[in-house]
K.L.:
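One structure is given below, represented as structure tokens, and several questions about it will come after.
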Amino acid sequence: MNTRASAARLLARVVVERRSLDAVLPDGLAAHADARDRALVQELVYGTLRWYYQLEAVLGLLLKKPLKQRDSDLRCLLLAGLYQLRHMALPAHAAINESVQAARQLDKDWATGLVNAVLRNCQRRQAELDTFIAATDSSRYAHPDWLIKHLQDDWPGDWQAVLQAGNQRPPFSLRVNCRHYARADYQALLQRQDITAQPLAHTSHGLLLESSHAVESLPGFAAGAVSVQDGAAQLVAPLLQLAPGQRVLDACAAPGGKTAHILELENGLAGLTAVDVDVRRLQRVHDNLERLGLSAQVLCGDAADPRQWWDGECFDRILLDVPCSATGVIRRHPDIKLLRRRKDIESLSQRQAQLLNAMWPLLSAGGMLLYTTCSVLADENDRQVERFLSTHADAASVAITASWGRACAYGRQLLPGDDDMDGFFFSCVRKT
């Protein structure tokens, strides 16, 4: 099976059908038996989505007339071809010839000449295309205009750096299970297997690997010695100020990485309840806890309507990692650039406020709620907490003093790439 044709079909499902990459990629990769073919398909899909707004602008210049809607798979094939020529270290003749063959695989024999002409034209007009790309922010930074404007408003001194970070390949970070290993001991274990890793800044148990590895190849992974988790997410559990005897709620818990980290850090909790509305994603919480040898009360329910599942006993700590635009993790999920729209921010903000209001009665007096997002937009972060505090007289912001991130009025913000971490927002609120 032609890898370029497979990539084009997967891209069309994201670009046209607006399906998430996480939802469509596994089946697409499963169609290829060879690991090298799977790796190439994945690289083509991720890379084309990462540079989509730049490649789309280039394609518009190279095509004499727009393609018909029914030829969306062909359009995606051309975008993937342009990605290979502009961003991959592949022989140009191989990229062009394989793309021409892929057109036949897509039942577009009539388009083989078009594919050949467009890609060869790209080769010949590199200097002109570079000038064309630099003319607009959307093509230069390969992000949608609406998001660029948001970032310019919220981060006037950092917006270019945020956009550039969104186009980078994400680092591969691990969280060492402190119940199994000290970080230095596990680092030495990796070194004995010729896997290079360095301590991840600002974390107690994080390691940053020099390159990505299949998790199954990591020593002790199946036995729960280590988990894959970005450094920003590893900062969450320590901020909860955990102590023996506390009742803890992890709302919106799936896939369970933070749930597990809480349990790893404090084994004397009176109990931990993990709730999520998505029963399929909740299975990943069960799987993670089982692999790590941890236990929690795992419930399927909507955190915005705790009457469905709450037993009436208040919690000392609540982690509320709310659904958000995910604009802080675009480098991991480049399909966000296409799937998110400007109008989504308002609806997400409303959902976040609903969740905050619903969780507050479940917090005991003197207890603390930690509000987190993987967004970099103020409407979902600092302004969201400001609105909540203005309507709850018994809520007080707790300052986060740290050597990482940037201080905000009501929390702390990591921008993508800061100390090799994802973009993340943290805000602690105590019930007075």
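Values reported hereafter were calculated over all heavy atoms of this structure, with side chains retained and with hydrogens, waters and symmetry mates removed.
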K.L.:
Take atom CZ in R284; do more than 12 heavy atoms of anything else shown fall under 6.0 Å from it?
P.N.:
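Atom CZ in R284 is not crowded, with 12 or fewer foreign heavy atoms closer than 6.0 Å.
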K.L.:
State, yes or no, whether a side-chain contact exists between F424 and D321 at a heavy-atom distance under 4.5 Å.
P.N.:
yes
K.L.:
side-chain contact (heavy atoms from CB on, under 4.5 Å), that's the test. Do H333 and L21 meet it? Break it down for me.
P.N.:
CA-CA 8 Å; H333 305 281; L21 196 49; over 6 Å; no
K.L.:
For atom CD of E346, decide whether the heavy atoms of other residues, nucleotides or ligands shown that lie under 6.0 angstrom number more than 12.
P.N.:
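12 or below, so no.
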K.L.:
Please test R75 against V15 for side-chain contact (heavy atoms from CB on, under 4.5 Å), starting from the C-alpha separation and ending with a verdict.
P.N.:
CA-CA 10 Å; R75 177 166 154 262; V15 175; 4.1 Å; yes
K.L.:
Looking at H93, is its backbone amide N or carbonyl O close enough to the side chain of N97 to form a donor-acceptor pair, meaning the two atoms are under 3.5 Å apart?
P.N.:
yes
K.L.:
C76 versus T48: any side-chain heavy-atom pair under 4.5 Å?
P.N.:
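No, side chains not in contact.
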K.L.:
Using modelled atom types only, decide if a donor and an acceptor are shared between the side chain of D278 and the backbone of R281 within a distance under 3.5 Å.
P.N.:
yes
K.L.:
If you take all heavy atoms of D230 and D420, which pair is closest and at what distance?
P.N.:
OD1-O, 4.0 Å
K.L.:
Taking all non-hydrogen atoms of both residues, which atom of L282 and which atom of A254 are closest, and how far apart?
P.N.:
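What the structure gives for the nearest pair is N-CB, 4.2 Å.
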K.L.:
Would D287 and R291 count as a salt bridge (Lys or Arg N to Asp or Glu O under 4.0 Å) here? Give the steps.
P.N.:
CA-CA 6 Å; D287 294 343; R291 180 180 64 83; over 6 Å; no
K.L.:
Does the side chain of S375 come within less than 4.5 Å of F425's, by heavy atoms?
P.N.:
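No - every pair of side-chain heavy atoms lies 4.5 Å or more apart.
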K.L.:
Taking CZ in R18 as the centre, count heavy atoms belonging to other residues, nucleotides or ligands within less than 6.0 Å. Is the count above 12?
P.N.:
yes
K.L.:
If the test is side chain to side chain contact (heavy atoms under 4.5 Å, CB included), which one of V322, L369, V429 qualifies with L356?
P.N.:
L369
K.L.:
Apply the test side chain to side chain donor-acceptor pair (under 3.5 Å) to residues R175 and T203: give CA-CA distance (whole Å), side-chain angles for both, the deciding distance (0.1 Å), then the verdict.
P.N.:
CA-CA 9 Å; R175 184 190 75 240; T203 69; over 6 Å; no
K.L.:
Kindly say whether P171 contributes a backbone atom to a donor-acceptor pair with the side chain of R332 at under 3.5 angstrom?
P.N.:
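Pair found, side chain donor or acceptor close to backbone of P171.
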K.L.:
Check whether any side-chain N or O of D419 sits under 3.5 Å from a backbone N or O of M421 as a donor-acceptor pair, and report yes or no.
P.N.:
no
K.L.:
Would you say the side-chain atoms of R340 pair up with the backbone N or O of S325, donor to acceptor, closer than 3.5 Å?
P.N.:
yes
K.L.:
Can you measure from CG (D382) to CD (Q413) and round to the nearest 0.5 angstrom?
P.N.:
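D382 CG to Q413 CD: 8.5 Å, rounded to 0.5 Å.
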K.L.:
Do the side chains of L208 and S173 get nearer than 4.5 Å, heavy atoms only?
P.N.:
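Heavy-atom side-chain distance check passes, below 4.5 Å.
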K.L.:
With side-chain contact (heavy atoms from CB on, under 4.5 Å) as the criterion, how do L174 and H213 come out once you've worked through the C-alpha distance, each side chain's angles and the decisive distance to 0.1 Å?
P.N.:
CA-CA 11 Å; L174 301 178; H213 289 264; over 6 Å; no
K.L.:
Is any side-chain heavy atom of E56 closer than 4.5 Å to one of L79?
P.N.:
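Of all side-chain heavy-atom pairs linking E56 with L79, at least one is under 4.5 Å.
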K.L.:
Does any non-hydrogen side-chain atom of V285 lie less than 4.5 Å from one of D276?
P.N.:
no
K.L.:
Show which side-chain atoms of residues 237-246 pair as donor or acceptor with protein atoms under 3.5 Å away, not counting sequence neighbours.
P.N.:
{"unit_1": "Q246", "atom_1": "OE1", "unit_2": "A243", "atom_2": "N", "d": "3.0"}
{"unit_1": "Q246", "atom_1": "NE2", "unit_2": "Q241", "atom_2": "O", "d": "3.4"}

K.L.:
So, for R19 and R13, which heavy atoms are closest and what is the spacing to 0.1 Å?
P.N.:
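Where R19 meets R13 most closely, the heavy atoms are NH1-NH2, 2.6 Å.
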K.L.:
Distance check, rounded to the nearest 0.5 Å: D344 atom CG versus L339 atom CG?
P.N.:
9.5 Å
K.L.:
Write down the atom of E43, the atom of R169, and the distance for their closest heavy-atom approach.
P.N.:
OE2-NH2, 2.8 Å
K.L.:
Out of the candidates Y371, W360, Y410, only one should pair with F388 under the ring pair (Phe, Tyr, Trp, His ring centres under 6.0 Å) rule; please name it.
P.N.:
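So, applying the ring pair (Phe, Tyr, Trp, His ring centres under 6.0 Å) to F388 and each of Y371, W360, Y410, only W360 qualifies.
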K.L.:
Does Q168 reach the main-chain N or O of Q164 with its side chain, forming a donor-acceptor pair under 3.5 Å?
P.N.:
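Yes: the side chain of Q168 pairs with the backbone of Q164.
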K.L.:
Q352 side chain to P323 main-chain N or O, any donor-acceptor pair under 3.5 Å?
P.N.:
yes
K.L.:
So if I apply the side chain to side chain contact (heavy atoms under 4.5 Å, CB included) rule between L272 and each of L263, L319, V298, L249, which one comes out positive?
P.N.:
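So, applying the side chain to side chain contact (heavy atoms under 4.5 Å, CB included) to L272 and each of L263, L319, V298, L249, only L263 qualifies.
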K.L.:
Determine whether H202 and S403 satisfy the following criterion, side-chain contact (heavy atoms from CB on, under 4.5 Å), listing intermediate values before the conclusion.
P.N.:
CA-CA 8 Å; H202 313 300; S403 57; 3.2 Å; yes
K.L.:
Any chance CD of E290 has more than 12 other-residue heavy atoms, nucleotides or ligands included, within less than 6.0 Å?
P.N.:
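No - once you tally the heavy atoms of other residues, nucleotides and ligands closer than 6.0 Å, there are 12 at most.
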K.L.:
Determine whether L59 and L55 make a side-chain contact, defined as any pair of heavy atoms from C-beta on separated by less than 4.5 Å.
P.N.:
no
K.L.:
Count the heavy atoms of every other residue, nucleotide or ligand shown that sit under 6.0 Å from CD of E17, and state whether that count exceeds 12.
P.N.:
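Yes.
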K.L.:
For W51, does its backbone N or O pair with a side-chain atom of R86 as donor and acceptor, under 3.5 Å?
P.N.:
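Such a contact is absent between R86 side chain and W51 backbone.
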K.L.:
Hey, what do you get for OH (Y83) to CG (L90), rounding to the nearest 0.5 Å?
P.N.:
9.0 Å
K.L.:
What is the minimum heavy-atom distance between L294 and R179, and which atoms define it?
P.N.:
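What the structure gives for the nearest pair is CD2-NH1, 3.6 Å.
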K.L.:
Would a distance-only check, ignoring hydrogens and angles, find a side-chain to backbone donor-acceptor pair under 3.5 Å from Y186 to L207?
P.N.:
no
K.L.:
Within this structure, what is the SG-CD distance for the pair C122 and Q84, rounded to the nearest 0.5 Å?
P.N.:
11.0 Å
K.L.:
Quick one: does any side-chain atom of R183 pair with a main-chain N or O of G206 as donor and acceptor, under 3.5 Å?
P.N.:
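Pair found, side chain donor or acceptor close to backbone of G206.
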K.L.:
To the nearest 0.5 Å, what is the distance between CG on L377 and OG1 on T327?
P.N.:
4.0 Å
K.L.:
If you look at every heavy atom in R4 and A95, which pair is closest and at what distance?
P.N.:
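For R4 versus A95, the nearest heavy atoms are NH2-CA, 4.0 Å.
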K.L.:
Nearest 0.5 angstrom please: T273 OG1 to I318 CD1, how far?
P.N.:
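Rounded to the nearest 0.5 Å, the OG1-CD1 separation comes out at 10.5 Å.
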K.L.:
Contact between C178 and L265 at the side-chain level, heavy atoms closer than 4.5 Å - yes or no?
P.N.:
yes
K.L.:
What residue among E380, R383, R387 forms side-chain hydrogen bond (donor to acceptor under 3.5 Å, both in side chains) with S349?
P.N.:
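The residue from E380, R383, R387 that satisfies side-chain hydrogen bond (donor to acceptor under 3.5 Å, both in side chains) with S349 turns out to be R387.
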K.L.:
Can you give each donor-acceptor pair under 3.5 Å made by side-chain atoms of residues 140-147, sequence neighbours left out, with the distance rounded to 0.1 Å?
P.N.:
{"unit_1": "R140", "atom_1": "NE", "unit_2": "A134", "atom_2": "O", "d": "3.3"}
{"unit_1": "R140", "atom_1": "NH2", "unit_2": "A134", "atom_2": "O", "d": "2.7"}
{"unit_1": "H143", "atom_1": "ND1", "unit_2": "Y141", "atom_2": "O", "d": "2.7"}

K.L.:
One thing to verify: whether R331 and D422 come together as a salt bridge, which I'm taking to mean a side-chain N less than 4.0 angstrom from a carboxylate O.
P.N.:
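Salt bridge: yes.
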K.L.:
Less than 4.0 angstrom from a charged side-chain N to a carboxylate O is my criterion; do K258 and D250 meet it?
P.N.:
no
K.L.:
Should we count CD of E210 as having more than 12 external heavy atoms under 6.0 Å?
P.N.:
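12 or below, so no.
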